[in-house]
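Okay, so here's the structure we're looking at.
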Amino acid sequence: MDESKLKRCSTSSTHAEASDEAIDPLQKAYKREFDDWETEVNNRKKQKQAEETTEKKKKCCFGTKDAKGNNEHTIFVTGFDNSGSRDEIRSALAKHFSSCGELTRVFVHIECETGLSRGYAFINLKNRGGEIEAALSLNGSDLGGHKLLVTMARLRDEYYAHFNFNGCEICRASYAAGRQRLYRWNLRTGGGKVRRIVYASIRL
């Protein structure tokens with residue numbers, strides 16, 4: 001074989017290898033730059049999602065600190081004017097029940113999709129003796145021209161679940177958990193009959 005051809009072929013291969021070596025660092029640099037850009041985009045998406053979730057929690061009543069706290073001493077209130085905002089209704093109820101004792105919680109259920117009150121609220125008081133009875137004595141009282149219904153929350157279905165409302169994913173998660181609690185409660189009490197009978201006996 002012609003040595004000159006071999007020489008040319010060898011020289012050509014050397015140039016190709018050198019060219020590959022020159023391109024490879026450039027490709028690595030582009031890849032690093034693309035990876036950095038992709039990471040930045042993903043971080044911005046996560047930050048935006050976190051901000052949106054925070055904003056939804058501000059709007060959703062289940063994102064408030066008063067969303068949780070129902071217990072066997074919780075009072076259920078309905079019949080009030082529900083045309084106001086959550087804060088307006090909460091303030092009016094807190095003022096109305098302040099004579100019963102120290103309030104620790106007033107939770108007004110609002111549909112975050114519509115911004116409208118569901119027409120009921122849960123109230124907790126420090127139970128030092130007599131506060132619950134004082135709150136229950138306000139059943140039938142007038143608040144802004146509206147007659148209130150006041151009863152123990154555990155006797156109401158709303159205590160265990162929230163029905164037929166339009167809400168966000170936070171609402172729906174709470175709704176699903178509430179439905180499970182209601183199902184377990186129905187199994188345990190026969191649909192509330194046991195608790196109602198016991199409570200009626202205590203009141204008598």
Side-chain angles (χ1 to χ4, degrees), residues 57-112 114-165 167 170-171 174-175 177-186 188-204:
K57 284 184 176 180
K58 288 180 182 178
K59 293 180 180 179
C60 177
C61 62
F62 291 106
T64 66
K65 63 182 179 63
D66 292 325
K68 295 180 180 179
N70 283 350
N71 57 47
E72 61 181 0
H73 302 298
T74 300
I75 301 297
F76 176 89
V77 184
T78 188
F80 51 80
D81 179 11
N82 62 353
S83 62
S85 67
R86 176 172 59 197
D87 290 340
E88 288 171 343
I89 296 172
R90 187 177 183 278
S91 177
L93 289 173
K95 184 177 180 180
H96 190 72
F97 283 87
S98 62
S99 62
C100 303
E102 184 179 349
L103 277 68
T104 59
R105 170 179 177 256
V106 179
F107 175 60
V108 180
H109 188 187
I110 298 289
E111 285 187 345
C112 57
T114 63
L116 300 176
S117 164
R118 293 282 290 164
Y120 59 86
F122 296 108
I123 295 178
N124 287 75
L125 301 97
K126 279 195 174 180
N127 190 21
R128 295 170 179 163
E131 287 85 354
I132 303 300
E133 288 73 15
L136 293 175
S137 70
L138 292 179
N139 182 41
S141 62
D142 179 86
L143 177 59
H146 295 264
K147 186 177 180 180
L148 298 181
L149 169 65
V150 184
T151 185
M152 295 303 295
R154 64 177 182 270
L155 302 180
R156 300 283 303 200
D157 289 342
E158 293 90 343
Y159 176 77
Y160 303 93
H162 305 281
F163 300 96
N164 302 321
F165 71 96
I170 301 172
C171 293
S174 178
Y175 167 78
R179 293 284 295 185
Q180 292 177 356
R181 288 195 300 271
L182 179 60
Y183 176 73
R184 290 194 296 268
W185 176 73
N186 282 328
R188 189 169 62 251
T189 67
K193 293 178 182 178
V194 174
R195 284 179 180 256
R196 286 186 174 93
I197 291 171
V198 170
Y199 181 70
S201 299
I202 292 173
R203 292 288 289 174
L204 293 172

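Only this structure's heavy atoms are used, side chains among them; waters, hydrogens and symmetry mates stay out.
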Using side chain to side chain donor-acceptor pair (under 3.5 Å) as the criterion, list what pairs up with Arg90, not counting sequence neighbours. Asp66
Of Ile123, Asn124, Asn127, which is the lone residue that meets side chain to side chain contact (heavy atoms under 4.5 Å, CB included) with Thr104? Asn124
Side-chain heavy atoms of Leu138 within contact of Leu148, under 4.5 Å: no
Looking at CD of Glu131 and CG of Leu103, how far apart are the two atoms once the value is rounded to the nearest 0.5 Å? 10.0 Å
If we only count heavy atoms from C-beta on, is the Leu149 to Asn139 side-chain gap below 4.5 Å? yes
Checking Leu116 now: which residues fulfil side chain to side chain contact (heavy atoms under 4.5 Å, CB included) with it, not counting sequence neighbours? Thr114
Taken in chain and number order and not counting sequence neighbours, the residues that satisfy side chain to side chain contact (heavy atoms under 4.5 Å, CB included) with Ser85 are Asp87, Glu88
Side chain to side chain donor-acceptor pair (under 3.5 Å) partners of Ser83, counting only residues at least two apart: Asp81
Can you name the side chain to side chain contact (heavy atoms under 4.5 Å, CB included) partners of Ser137, sequence neighbours left out? none
Which heavy atom of Ile89 sits nearest to which heavy atom of Ser117, and what is that distance? CD1-CB, 3.6 Å
Less than 4.5 Å apart, any side-chain heavy atom of Thr151 and any of Arg156? yes
Partner set under side chain to side chain donor-acceptor pair (under 3.5 Å) for Asn82, not counting sequence neighbours: none
Which residues pass the ring-ring contact (aromatic ring centres under 6.0 Å, His included) test with Phe76, not counting sequence neighbours? Tyr120, Phe122
When you measure from the side chain of Arg118 to the backbone N and O of His109, does any donor-acceptor pair fall under 3.5 Å? no
Within this structure, what is the NZ-CG distance for the pair Lys95 and Leu143, rounded to the nearest 0.5 Å? 10.0 Å
Please, which pairs that meet side-chain hydrogen bond (donor to acceptor under 3.5 Å, both in side chains) have at least one residue in residues 140-149, sequence neighbours excluded? His96-Ser141
Please tell me whether Asn71 and Arg154 have a donor and an acceptor in their side chains that are separated by less than 3.5 angstrom. no
Any side-chain heavy-atom pair from Met152 and Thr74 closer than 4.5 angstrom? no
Which residues pass the side chain to side chain contact (heavy atoms under 4.5 Å, CB included) test with Ala135, not counting sequence neighbours? Ile75, Phe97, Cys100, Leu125
